[in-house]
Amino acid sequence: EPEVTQTPSHQVTQMGQEVILRCVPISNHLYFYWYRQILGQKVEFLVSFYNNEISEKSEIFDDQFSVERPDGSNFTLKIRSTKLEDSAMYFCASSENGLSGNTIYFGEGSWLTVV
Amino acid sequence: DAKTTQPPSMDCAEGRAANLPCNHSTISGNEYVYWYRQIHSQGPQYIIHGLKNNETNEMASLIITEDRKSSTLILPHATLRDTAVYYCIVRVATGGGADGLTFGKGTHLIIQP
């Protein structure tokens, strides 16, 4: 069964450093998403991406965050200058299209620890 | 987004059917009901979704009331591996936009041996 894959599974970084989290969405999917989950809290939507553009973003997705599809397979989340409060599990997801009846599939996550 | 209400936790004996309720009284006619689960800190796993009719797949059954104001996820023969947080989500239709999913706190289902 096709799946969303994410790397790295765990990254530790110093405060102020840049971090890039990588994702390979399911191959025929056109919509891509990033979510995050701070330990013990809810899964929160960050951003959705379609046709090389951001479609929607939440209030969390401020100027320190950016997303990119650098080639035909990868989808990345960059955090420019990490803060302690960025420590969280980051989930990538994808769907075939953006319609309400189309399922969004999640990866296993990248655990980011900022020290 | 249409809001959902779920009990914070439930217990179920192994081998029995687990019935997880969800209220979504403000759901609109073109909004789907989705169920996901999250085992420990793994990625949310899709279970099932439906619009009006009851649905069944290899994992579970989804029963939606006729007025669509509530639904029940049924795991027919629960195993210890079904212990997880289960999320009932109403997905907003934005007419072709990349609407995401809004997760609540879900129901922590604990399967007892």
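Each chain gets a letter, A, B and so on, in the order its sequence line appears, and its residues count up from 1.
Annotation for B/R16: atom CZ does not count as buried by contact number, only 12 or fewer foreign heavy atoms lying within 6.0 Å. Other residues, nucleotides and ligands place more than 12 heavy atoms under 6.0 Å from the CD atom of A/E85.
In this structure, B/L80 is not a member of the same hydrophobic cluster as B/I74, with clusters built from ILVMFWY side-chain heavy atoms closer than 4.5 Å. Cluster annotation: A/L77 is connected to A/I54 through the hydrophobic network of ILVMFWY side chains, with a link wherever side-chain heavy atoms come within less than 4.5 Å.
For A/F106 and B/Y36, the gap between ring centers is short of 6.0 Å.
Heavy atoms only, all atoms of each residue included: A/Y35 and B/L101 are closest at OH-N, 2.7 Å. Here the shortest heavy-atom pairing between A/Q37 and B/Y87 reads NE2-OH, 4.1 Å.
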Check residues 22-30 of chain A and write down every donor-acceptor pair under 3.5 Å in which the side-chain atom is one partner and the other belongs to a residue at least two apart or another chain.
| from | atom 1 | to | atom 2 | distance (Å) |
| --- | --- | --- | --- | --- |
| A/H29 | ND1 | A/S94 | OG | 2.7 |
| A/H29 | ND1 | A/S95 | N | 3.4 |

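How far NE2 of B/H49 is from CD1 of A/I104: 11.0 Å, rounded to the nearest 0.5 Å. With values rounded to the nearest 0.5 angstrom, B/Q38 atom CD is found 5.0 Å from A/F91 atom CZ.
Judged by distance alone, the side chain of B/R91 and the main-chain N or O of A/N102 form a donor-acceptor pair under 3.5 Å.
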